[in-house]
Every structure is written in C-alpha cells, then in structure tokens.
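Predicted model only: the values in this text are computed from it and were never measured.
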Amino acid sequence: MTKIENLRNIAIIAHVDHGKTTIVDSMLKQAGIYRENEQIVEQVMDSNDLERERGITILAKNTAISYKNYRINVVDTPGHADFGGEVERVLKMVDGVLLVVDAYDGPMPQTRFVLRKALEMGLKPIVCINKIDRPDERAIEVVDMVLELFIELGADDDQIDFPIIYTSGKVGIATTDIQEYIDGKKLDFCPLLDAIVENIPCPEGDTEAPLQLLVSNIDSDPYIGRIAIGRIERGTIKQNQPVVVCTYDDNTTKNARIVKLLRFQGLARQEIQEASVGEIVCVAGIPEINIGDTICAQDCPEPMPFVDIDEPTIAMTFSVNDSPFAGQDGKFVTSRHLRDRLFKEMETNVSMRLEETDTTEAFVVKGRGELHLSILIETMRREGYEFQVSRPQVILKEVDGVLCEPVEMLLIDVPEEFVGAVIEKLGARKAEMVNMFPPEKGYTRLEFKVPSRGILGYRTEFLTDTKGNGIMNSVISGFEPFAGEIETRSHGVLVAFESGEAMTYGLYNAQERGQLFIGAGTPVYEGMIVGINPKNEDITVNVCKKKHVTNMRAAGSDDALRLTTPLNYSLEQCLEFVGDDELCEVTPKNIRLRKKILSTELRAKDRAAKKNG
C-alpha cells in the first residue's frame, strides 16, 4: 500500500447557514487562488442562479487548493436536510470532514444528521467553531455541546479526540486558541489549513493494481459533454486509456475510453495526463455514465459498493398541464418533454425516485422534502417547462406488518411570547415535545418529534404566528406507527365562476368573502382559485362581473372602489397551501392554483356523490 503524503481530501459539512461556503471563500483567498486585482465574488462556490438568490447551497461542489507542498481537495456540501443525499454520496470521496458549527446556535438537526453519516463511515473529524465575530458568540459552551453530540452518536476514542479551530469565515481568521482573537492578535486562515494537513489522514492504496474509480458526482460541459467526478480507489488512470464501466443499477459492463482527464485547481479544471490513488478527478468521454458506476481496468472489472442513500419521504404527482391556459407560456408542454426531463433529473439526483403511473400524462416524483421537490419545480419552470403538480403526500411504509410514516426532529427558536401559540398549533398536528430549553437572549428553544404530515403547510402559519421572528429546522429521524388523521387546513377557497378577465367590480364584491390572490385585469378561468375563504368551505365567486351602466344617478354609487392588496404566494407557499382536490399549475411566467375538477357543476355532483357514498 502506498501513502500519498502530499494529498488531503476533505468535505465541509454543517447545518444550513453555519458558514460552510464562506469558509471555502477564505480558504481560497489564503491559498492565493485570486490575483491581487481580481474582483472576488462572495460565496463563490454557490454558482447556480437559485443558490445565489436563496443564499443556500443546493449541489455539492469540488475545488482544490495548493498549500505549502500539499494539495487539498475540498468538497462544499449543502446544509438543508432535503439535500442530504448530496452529502451522503460525496462522503465516499473524502478521508475526513470539517464539521462547521455556529458559535451561537451550536449543533442543529442537520449537524447531527451529517455527523452521524461521517462517523458511520469512519471519517476523521475536525471541529470548526465558526462566526466567533458574532457579538452573542458562546464558543466555549458550543464546544461542550459538540462533545456531547459526539458521545451521543457513539464516536470512537480516536474520533472524540478531535482538534478544534475557532474561525470567522467572513473576516478570514482562524485560531486554535480563542484567547488570541479576544486579545486582538493579528490572525489569518493558516491555522485551519495547517490542522487539515496535520489531522486528516492522507489517502493510501495500491498504485500498481488495476484501476478502480467510483463515480460520486456528474457534471456536464457544452464542449466535452458528460463529466464523471470521482475518487481513484486503486491503480492509475491515464488519458486515452481504454476502460470498462460497471453500471450501478444492473451490474452490466460496457467498454469506453478516457477522452479527457481533468482535476480541480481553484475554481477551474486543469487537464492532466494521468492521476493515481486518492486523487479526485473528472473523466470526460463516457456518454451514458451515472452516479454509482465504477470505472475499471479492462482486464479487471470489479464494481465497488455505492453508499446506501436514505429513502425519500415525500411524493408529488407531476402531470401535463390541461388547464384552459395550457401552452400559452411554456416551451415544453407535452408528456414526452416532461417524462424526458424527469428521467434526466433522476440520473444526477440520487435521493429522488420516479414512478410512472397507469396514464402517460402523470408521473410520481419522490423526494426528501418540500424544498427538495420545489427546487426541481423552480428549475424546470425556468427552463421553459409547463406542468401541474399535486399536493405533497408523505410516503407510508409497512414495518413488521404495522403501517408507519416518516417522523421528523423539529427544532424551533422562538421569542418567549409566542411559545404558547407554537405549542398549541403543533399539538393539533400530533407533535410531541421532547425538550424545552430556558430562554436565552429572549429566545426559547423547543424540540419536538412530529410526523412529516404535521409539518406540511405549517411553515407559513408559523411565520404568521411568530410575526416572522421564529426559526424552524427539521430533519427526518425515522419511521414510526401512523399517528392518525391530522387536520392541516382549516379554511376554504374562493373559486372563479367563469372564464374571462377579473374586474374591479367583481373583485370588490369577492374580497368581502376573504383574501384575494389576484388583482384587476388578471385573466382567470372557471375552477381557478382566486382567494382564501376563512371558513372551512369553498365559495364560487364571479370575479369577472362588470358593473351595469345605467342613466340613473345615486349619491355614492360612483365612488372609486378600493381593492385590498392581493396575496402574492411564492412557489413553496403554493405547495403548502394546495389541497387534496386541487392542483398547482406551474408555467415559466405564472403560478396558479386550481381545482382538479374545473366545472362548477361537476364539482357539485362530485361532492354530492361523496356525501351519499
């Protein structure tokens, strides 16, 4: 076995917003990746439009830096529980992890999830207490909380003896002793890079053995096509080398050739002629390659086991748009377009599943959570797709003959005055309080165990109840017996009576019944949802009604009609709001809510049939 002494492979893992991507920025700066006069973009690894808009990482990404005589491959990972599949598969590429924890928040639900996965794989951890420049930091307390978490997750003696680095990714400083920062010493980011070099084990393997490379990520390039990213587990890979690809799904093999071989260097890819054990490389020239496949030497096709990805918990039906406004906005509107795009997504999104239904018009997509699926919907919408989605449903499964449902660990930080409202609402959603921590700086931390069904549609209500001051985080903790029916929607909707254009006069009369989703001049169709009714029943309203013009004059009849500002729901809010008998129509320009049965008459017949049946 050969040790590759000058190479380190590390993944940065943490809860959302604890500063992973900002730490990568500071590492790149310290390593001298940028020219002196180069304009530097913050969170440079979040290159996707959606990532930059939302300020979150969605896809795991690679970079590499040269420090002293070492080469460090760094993988930046997402922090949301919904994108946990991205974290699980990239951990196969690395030998150690940098666990980033906020110096005030401490370990959060996703911290527990990613750390558990890393410890199970036997990876060496370095703990990084980030954001020490926060005025309310409590770094020393947080270290104790992290140690408790390690013990709770059953870390071995070697893993518990973790090095601790205190950092501020934003300012670009790191130290092994927080007193140095308090005393105002001049600091840089070298202590963190030194800790990686000293504590993360170097890769080892047989460089003379036949090639084995496990594909952990897929990228594409307009010039060189599909690119497989993975770590060389054994042997050496060379440009133009003939290889065999062992597929993950059906264990078949196919011959291929390495057309281009690249490795990461800073923010770019650098072409190389060969690479050996432990290196993370990009391979181009194999068109049908997928995540989980193994690239092997021709004379020794031995597939490698891929990581078991946790199963999805939420399902949604994607169907062809059949509303009266179908085809007006979208470029891709047919079932063939929709099917091809969803199958393409399954190739790279390992924690998603796709099922075809008994009709060619609809497909069931399963994912890790509402955000996971809504990012796919938003991406497709921007690409020009037009389709409809149903209400998210949790996936139930049988365990030892008992019907079980996914249960989540929910962590809520909320001002003291709103604690009662939160506990009351979650109690109705079958949540069980596990822990309640004393108030700190006016905020109380509540810990609940709640069925995933109970959280669906609760986020908007939660923000209203806490006047926007509450913070809510959750992560799937397992499956438990079905908890019974949960009432998640206590209001009805206002449904358009006829197709046409919404008029001020019609809307003025409709707004007395509830809050509106549309303003004057909006085109509507029969069966489209135009507002919320506070009572738990649906009301059909005629928003296209015009005021009849007469010659009769009356005091006050010509006063200007004032309309309240319509509610403008985002895609996530629409998915939370939509009911079982409703659909969300998604087009590149509009998001509309509608009834599954558009005709008012047919809906009335359907209601009557259900009542009698």
Side-chain angles (χ1 to χ4, degrees), residues 48-51 53-54 58 82 312 314-346 349 352-357 359-393 456-457 459-460 489 493 495-496 499 517-519 522-532 566-598:
N48 177 320
D49 281 350
L50 270 174
E51 291 181 319
E53 281 172 29
R54 292 166 182 250
I58 295 168
D82 291 29
I314 298 280
M316 256 177 169
T317 305
F318 283 55
S319 54
V320 175
N321 187 9
D322 60 1
S323 84
F325 293 168
Q328 289 184 6
D329 298 344
K331 197 161 56 166
F332 307 109
V333 295
T334 64
S335 61
R336 180 176 59 85
H337 288 135
L338 186 61
R339 184 180 188 278
D340 291 350
R341 177 64 182 82
L342 290 173
F343 271 100
K344 184 171 172 246
E345 183 68 25
M346 297 309 125
N349 208 326
M352 235 176 221
R353 303 279 181 276
L354 180 65
E355 284 178 13
E356 297 194 61
T357 59
T359 162
T360 55
E361 306 284 296
F363 307 89
V364 176
V365 180
K366 298 178 176 180
R368 278 281 185 81
E370 279 177 293
L371 184 65
H372 194 197
L373 291 165
S374 73
I375 292 290
L376 169 63
I377 294 167
E378 183 62 37
T379 306
M380 287 173 65
R381 182 168 102 91
R382 291 180 183 205
E383 289 169 1
Y385 286 84
E386 193 175 296
F387 52 98
Q388 297 173 151
V389 292
S390 70
R391 181 184 184 177
Q393 302 282 355
L456 289 180
R459 199 170 293 274
T460 312
R489 196 162 97 168
V493 290
V495 187
S499 300
F517 286 151
I518 59 168
T522 308
V524 297
Y525 53 81
E526 183 184 1
M528 180 172 150
I529 295 168
V530 294
I532 303 174
L567 293 171
N568 187 13
Y569 272 5
S570 66
L571 175 62
E572 276 85 5
Q573 287 172 313
C574 286
L575 295 179
E576 284 187 356
F577 178 86
V578 72
D580 291 328
D581 62 336
E582 296 161 9
L583 293 169
C584 181
E585 179 190 347
V586 180
T587 75
K589 293 180 185 168
N590 297 292
I591 297 170
R592 303 184 188 97
L593 294 168
R594 52 160 282 191
K595 288 288 182 184
K596 280 183 183 172
I597 303 168
L598 294 177

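Residue K366 comes nearest to A315 through the heavy atom pair CG-CB, 3.9 Å, listed as atom of the first residue, atom of the second, then distance. Closest approach of T357 and V364 over heavy atoms only: CG2-CG2, 3.7 Å. Of all heavy-atom pairs spanning S390 and L583, the tightest one is CA-CD2, 3.9 Å. The two residues F318 and I377 come nearest to each other via the heavy atoms CZ-CG1, 3.6 Å. For the residue pair S319 and A362, the shortest heavy atom distance occurs at CB-CB, 3.9 Å. Annotation for G367 and L373: closest pair N-CD2, 4.1 Å, computed over non-hydrogen atoms.
The main-chain N or O of I375 is never found under 3.5 Å from a side-chain atom of E378 such that the two would form a donor-acceptor pair. With E383 contributing its side chain and M380 its backbone, the two residues share no donor-acceptor pair below 3.5 Å. The closest donor-acceptor contact from the side chain of R381 to the backbone of T587 lies under 3.5 Å.
For the atom pair CG (L342) and CZ (F363), the distance works out to 6.5 Å, reported to the nearest 0.5 Å. Remark: C584 SG to M316 CE distance equals 7.5 Å, nearest 0.5 Å. The line from CD1 of I597 to CD of E526 is 12.0 Å long, rounded to the nearest 0.5 Å. A distance of 8.5 Å separates CD of Q393 from CD1 of I314, quoted to the nearest 0.5 Å. In this structure, the separation between CG on L593 and CE on M528 is 8.5 Å, given to the nearest 0.5 Å. Residue N321 holds its CG atom at 12.0 Å from OG1 of T334, rounded to the nearest 0.5 Å.
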- Task: Evaluate the criterion side-chain contact (heavy atoms from CB on, under 4.5 Å) for residue pair M352 and H372; output intermediate values, then yes/no.
- Result: CA-CA 9 Å; M352 235 176 221; H372 194 197; 3.8 Å; yes
- Task: For the pair F517 and R592, evaluate side-chain contact (heavy atoms from CB on, under 4.5 Å) and give the outcome as yes or no after the intermediate values.
- Result: CA-CA 9 Å; F517 286 151; R592 303 184 188 97; over 6 Å; no
- Report the C-alpha distance between V530 and V495 in whole Å, list the side-chain angles of each, state the deciding distance to 0.1 Å, and finish with yes or no for side-chain contact (heavy atoms from CB on, under 4.5 Å). CA-CA 6 Å; V530 294; V495 187; over 6 Å; no
- When you look at L567 and I532, which way does the side-chain contact (heavy atoms from CB on, under 4.5 Å) test go after all the steps? CA-CA 9 Å; L567 293 171; I532 303 174; 3.8 Å; yes
- Query: E572 and R459: salt bridge (charged side-chain N to carboxylate O under 4.0 Å, His left out), yes or no, with the steps?
  - Reply: CA-CA 10 Å; E572 276 85 5; R459 199 170 293 274; over 6 Å; no
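For F332 and Y385, the gap between ring centers is short of 6.0 Å.
The only member of K596, R594, E585 that meets side-chain hydrogen bond (donor to acceptor under 3.5 Å, both in side chains) when paired with Q388 is R594.
At a threshold of 4.0 Å, the pair K331-E386 does not count as salt-bridged, since none of the basic side-chain nitrogens sits closer than that to a carboxylate oxygen.
A 4.5 Å side-chain heavy-atom check between R368 and P312 finds every atom pair outside the cut-off. Proximity of F387 to E361: side-chain heavy atoms (C-beta onward) are nowhere separated by under 4.5 Å.
Classification of the Y569-F577 ring pair by plane angle, with boundaries at 30° and 60°, yields perpendicular.
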